[in-house]
Protein chains: 2
Amino acid sequence: MAQSDTVTRILDTAEVLFAERGFAETSLRNITSKARVNLAAVNYHFGSKKALIQAVFSRYLDPFTQRFHTALDELEVTHTGQVIPLETLLETMATTVLAVPAERNSLKVFMRLLGLAYSQAQGHLRRHIQQEYGDVFTRFTELVRKATPDLPDAERFWRLHFMLGTVIFTLSGLDALRDIAEKDYHEQVSVRDLVRRLRPVVVAAMNAPLPLALEEGNHANAQAS
Amino acid sequence: MAQSDTVTRILDTAEVLFAERGFAETSLRNITSKARVNLAAVNYHFGSKKALIQAVFSRYLDPFTQRFHTALDELEVTHTGQVIPLETLLETMATTVLAVPAERNSLKVFMRLLGLAYSQAQGHLRRHIQQEYGDVFTRFTELVRKATPDLPDAERFWRLHFMLGTVIFTLSGLDALRDIAEKDYHEQVSVRDLVRRLRPVVVAAMNAPLPLALEEGNHANAQAS
DNA sequence: TTAAAACTCTACCAATTGTTTGAAACAATA
DNA sequence: TATTGTTTCAAACAATTGGTAGAGTTTTAA
């Protein structure tokens, strides 16, 4: 009880501080003092600060990917032979994402960490996440491809990342945006509210008409929607 | 000439390093050595590292806001009495953003800096940017409000930030995404290409149908921040 | 009870951080 | 030439960083 208590206390504190201030701005002394744990405990249990960062991510991403894989399994079973509609895929992803903070700290922290992983040029992190959790994303995009057969591959690639940007940006900067929104529009904003707002936007964005082809000798395809 | 040379060399180097690695991960020695300038020059010319960061932003945002203000002036003149269509507003903003790197370093650096300003919880930066450049954004959103009268205020607020996330996320992480896109789809991707792709997506997202009725007695979820 | 393994602690390390100093070099004016 | 104000420079500053050593403590299992 006592030994694993230290590990989880470190992880619990680290994820909050990382999410609030980034990796470089959060020192081990910051973490250990707030967690009321000895400084050396981090290096003893995790080996290094890098390893601690990866451990923080794993604690979120491991259950998420597992959950997401089984959710996609179920979807493929209930839709054998048929194409899974885009709305269903997005809905499933949203549900799976929302299921994470039920057992972990908060969705905000989760998204903020994801945002950091993208923006903060921590080379080791990107590599670690890519090769550890790339499979689910590949599987998901393949299903999206089947759900949107009229979309050129490149176009779908970009639109998926457009929407990834929307979600990560919004949910990771949630607190600041929420403050403004509540001050200006006197509206209580919950995460589920935001997801409800996001759904029609994301669907419309994915189904938007194709951009007009460039005129100057462009070899791009010019299908109209 | 000699003194301003030092200042601009510092700014030129700092903006690239900041964009690549973030603020905390970039030391003054990193900047000054790469700029072949004495370490003390930063504190002499700018006063502190914080002030240097703000100076880097000002060099991008000052000409941008100025340009954007005059562009909106012209729009209001050519549309006196009429409502400026959403597409025109977005087009104007895109054009203004694209005009910046023509004289400064690159659009990628600009966007990456903006992304850092949002994600990196540098308190002083957010405050500085908000109170220094908040006017243009307010003016722009007011015009967008007139262009989308059917959209509830709160909904428009969130959708604008959704799209802000899309643009900043995509353009600031451009290099990595471009690598993947070119490898997988053998397609040369220019910034103007991306903007062309972004336009129909953003328009569709702003014009998306409203989310289904919100049940006011919604269950405040287990989102214990 | 015993010994080994797991863990925590204090104290320290070398390295790096932002910032400051005071002297030297420079430029311009008188 | 002498005297300004401005700018550069090497050196040092105090503070903080991630990491480590080694002795002490607790837990585990035989």
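Letters A, B, ... mirror the listed sequences (proteins, then strands); counts begin at 1.
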Atom pair distance, as rounded to whole Å: OH in B:Y44 and P in C:dG22
16 Å

Out of A:N30, A:V16, A:L116, which one pairs with A:R21 under the side chain to side chain contact (heavy atoms under 4.5 Å, CB included) rule?
A:N30

Calculate, to the nearest 0.5 Å, the distance between atoms CD and CZ belonging to A:E15 and A:R59 respectively.
5.0 Å

Partner residues of B:F157 under the ring pair (Phe, Tyr, Trp, His ring centres under 6.0 Å) criterion, sequence neighbours left out:
A:Y185, B:H161

Residue B:N43, side-chain atoms from C-beta onward, closest of C:dC7, C:dT19, C:dC9:
C:dT19

Can you give one letter per nucleotide of nucleotides 12-17 of chain C, 5' to 3': B if a protein heavy atom sits under 4.0 Å from the base, S if only from the sugar-phosphate, - if neither?
B----B

Measuring to OP1 and OP2 of D:dT7, would you say a side-chain N or O of B:N38 lies under 4.0 angstrom away?
no

Think B:H45 has a side-chain N or O under 4.0 angstrom from the OP1 or OP2 of D:dT6?
no

For the backbone of A:V189 and the side chain of A:R178, can you confirm whether one donor and one acceptor N or O come within less than 3.5 Å of each other?
yes

By the definition side chain to side chain contact (heavy atoms under 4.5 Å, CB included), identify the one residue from B:T95, B:V202, B:V144 that meets it with B:L90.
B:V202

With ring centroids as reference points, do B:F140 and B:F68 lie under 6.0 angstrom apart?
yes

Considering every strand and a 4.0 Å limit on heavy-atom distances, what is the contact class for B:A40: base, sugar-phosphate, or nothing?
base

Check whether any side-chain N or O of B:T6 sits under 4.0 Å from OP1 or OP2 of D:dT8, and answer yes or no.
yes

Just the rounded figure in Å: distance from C1' of D:dT8 to CZ of B:R9.
12 Å

